[in-house]
K.L.:
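After the structure tokens below, expect a handful of questions from me.
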2 protein chains.
Amino acid sequence: MRRGLDKMTVLKAAAELADREGFDKITLASVAKKLQIRLPSLYNHVEGLAGLKKELALYSIRKLKNQLAEAAIGKSGAEALYSIGIAYVSFVRRHPGLYEAMMGAPDFLNPDIQAAGNEIVALLLHVLEAFELDPINAIHTVRGLRSIVHGFASLELRKGFNMDVNTDESLIHILHTYVAGLTCKE
Amino acid sequence: MRRGLDKMTVLKAAAELADREGFDKITLASVAKKLQIRLPSLYNHVEGLAGLKKELALYSIRKLKNQLAEAAIGKSGAEALYSIGIAYVSFVRRHPGLYEAMMGAPDFLNPDIQAAGNEIVALLLHVLEAFELDPINAIHTVRGLRSIVHGFASLELRKGFNMDVNTDESLIHILHTYVAGLTCKE
DNA sequence: TATTATAACTAATATGATTAGTTTTTCAAG
DNA sequence: CTTGAAAAACTAATCATATTAGTTATAATA
């Protein structure tokens, strides 16, 4: 068999293109050009543009999950939450296009994407055990943490924050405030 | 002058299409079909597809701003924050496609969009006066509130939450926790 | 060395965006 | 009324991209 590209090479090319030029610049034409092949040849590796984007979303969430898990190593409680939160935002800053590929997926109902998402949820639930929340509260809290880091990263990516005030400090402040709200009841 | 469509009619058609079919289904072709005109005729009202999306983003953020302002009427302090947060998420639920048009804008550097965004920030800062935060903390807190509501709405829209636990309760829980963190220092 | 699966290719078609240039209609000025 | 200008529709042509069908070339392996 003629050994040329494989799927991962295509995905990495698309990811780099997305991070460098923007997610909306991903077209089969632009990816093919970057790989120096003709456009239809990509169909040997991915199922069209929709397939490429779906695979890219999966690639993205798995990479994110790994980095979040790594950030939690050797930490616990509030310290672990801060580390994970910072890692999340850092991932989006380093991989803006790839992150958009993940959020740009029509929805998260794809089983593989859901599985990776569940691992992130499980990681957060595990860290939250130190807070001894009842199960329902723990779910609410995971949703809160995810909303905070995704919302923050997403708004920052869109240049939604005026740049006069340092954004790193904002992230820390927000996480501290939320965690304070978890611990000091009333 | 021949009186036919105007820009607002085009925008409303596109908004309805986005909310009903999804933001990605907005094309000049689909909008023209809905309006029963030929595609190139749209160029009399908007500057191509990019222009339409930019106008739609502006239309969206202004509408959102109005509904947030309305939600704050007659309320203050924490109660006002909850009301605004719920109104934000409610807007996204009622106008998923329009909200995506707003977040899908390449960035918020457009002056008109920034102006509308600043009004939302000003509204939140005004409500936060009751908390007597120092100015920098107030900025961080506004960013926190925006991150929470945008992140929550965005994840919910993408079906990012398992549906076993009620999402309305999650939103209340998150806002309560964050506000608790603001008030009970340490 | 011959076979075969794979991965590239060319060619053709469809949809959508855009531009250029034309026609039609309505309002308002004469 | 008539007529002329402006606005808003149109047709036609071009370009880019995605997709499908069918073909060719190559490399692993039998």
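Residue numbers start from 1 in every chain, and the chains themselves are labelled A, B, ... in the order their sequence lines are given, proteins ahead of strands.
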K.L.:
Ignoring the backbone of A/Leu39, work out which of D/dT19, C/dA17, C/dA8 is nearest its side chain.
P.N.:
D/dT19
K.L.:
Return the value, rounded to whole Å, for the distance between atom CD of A/Gln36 and atom P of C/dA8.
P.N.:
13 Å
K.L.:
In whole angstrom, what separates B/Asp24's CG from C/dT15's C1'?
P.N.:
15 Å
K.L.:
At under 4.0 Å, does any side-chain N or O of A/Tyr43 touch on OP1 or OP2 of D/dT20?
P.N.:
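No, because none of the side-chain N or O atoms of A/Tyr43 sits under 4.0 Å from OP1 or OP2 of D/dT20.
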K.L.:
What integer distance in Å separates A/Leu52:CG from D/dA18:P?
P.N.:
10 Å
K.L.:
Is it the case that B/Asp6 and B/Thr9 place a side-chain donor and acceptor less than 3.5 Å from each other?
P.N.:
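There is such a pair between these side chains.
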K.L.:
Of the candidate nucleotides D/dA18, C/dT18, D/dA9, which contains the atom at the shortest distance from the side chain of B/Ile37?
P.N.:
D/dA9
K.L.:
Nearest whole Å is fine: how far is C/dT15 P from B/Arg38 CZ?
P.N.:
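One finds 14 Å between P of C/dT15 and CZ of B/Arg38, rounded.
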K.L.:
Give a yes/no answer on whether the side chain of B/His45 brings an N or O atom under 4.0 Å of OP1 or OP2 in D/dA7.
P.N.:
no
K.L.:
From C/dA17, D/dT19, C/dC9, pick the nucleotide closest to the side chain of A/Leu49?
P.N.:
D/dT19
K.L.:
Check the distance between D/dA9's C1' and B/Lys33's NZ and give it to me in whole angstrom.
P.N.:
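Distance, rounded to whole Å: 20 Å.
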K.L.:
Between B/Glu47 and B/Lys54 (salt bridge meaning N to carboxylate O under 4.0 Å), is one present in this structure?
P.N.:
no
K.L.:
Calculate the interatomic distance between B/Asp6 atom CG and D/dA9 atom C1'; express it in whole Å.
P.N.:
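From B/Asp6 CG to D/dA9 C1': 15 Å.
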K.L.:
Between D/dA8 and B/Ser41, is there an OP1 or OP2 to side-chain N/O distance shorter than 4.0 Å?
P.N.:
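Checking D/dA8 against B/Ser41, no side-chain N or O comes under 4.0 Å of OP1 or OP2.
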K.L.:
Check every atom of D/dA9, D/dT11, C/dA8 against the side chain of B/Pro40 and return the nucleotide holding the closest atom.
P.N.:
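Out of D/dA9, D/dT11, C/dA8, the nucleotide with an atom closest to B/Pro40's side chain is D/dT11.
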K.L.:
When clusters are formed by joining ILVMFWY residues with side-chain heavy atoms under 4.5 Å apart, either directly or through shared neighbours, do B/Leu109 and B/Val121 land in the same one?
P.N.:
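Unlinked, B/Leu109 and B/Val121 end up in two clusters.
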K.L.:
Tell me, with the steps shown, if B/His95 and B/Tyr99 meet ring-ring contact (aromatic ring centres under 6.0 Å, His included).
P.N.:
CA-CA 6 Å; B/His95 301 291; B/Tyr99 187 71; over 10 Å; no
K.L.:
Report the distance from atom NZ of B/Lys25 to atom C1' of C/dG16, rounded to the nearest whole Å.
P.N.:
15 Å
K.L.:
Classify the side chain of B/Asn44 versus the base of D/dA7 as yes if they form a donor-acceptor pair under 3.5 Å and no if they do not.
P.N.:
no
K.L.:
Does B/Leu182 belong to the same Ile/Leu/Val/Met/Phe/Trp/Tyr cluster as A/Val165, with side-chain heavy atoms less than 4.5 Å apart forming each link?
P.N.:
no
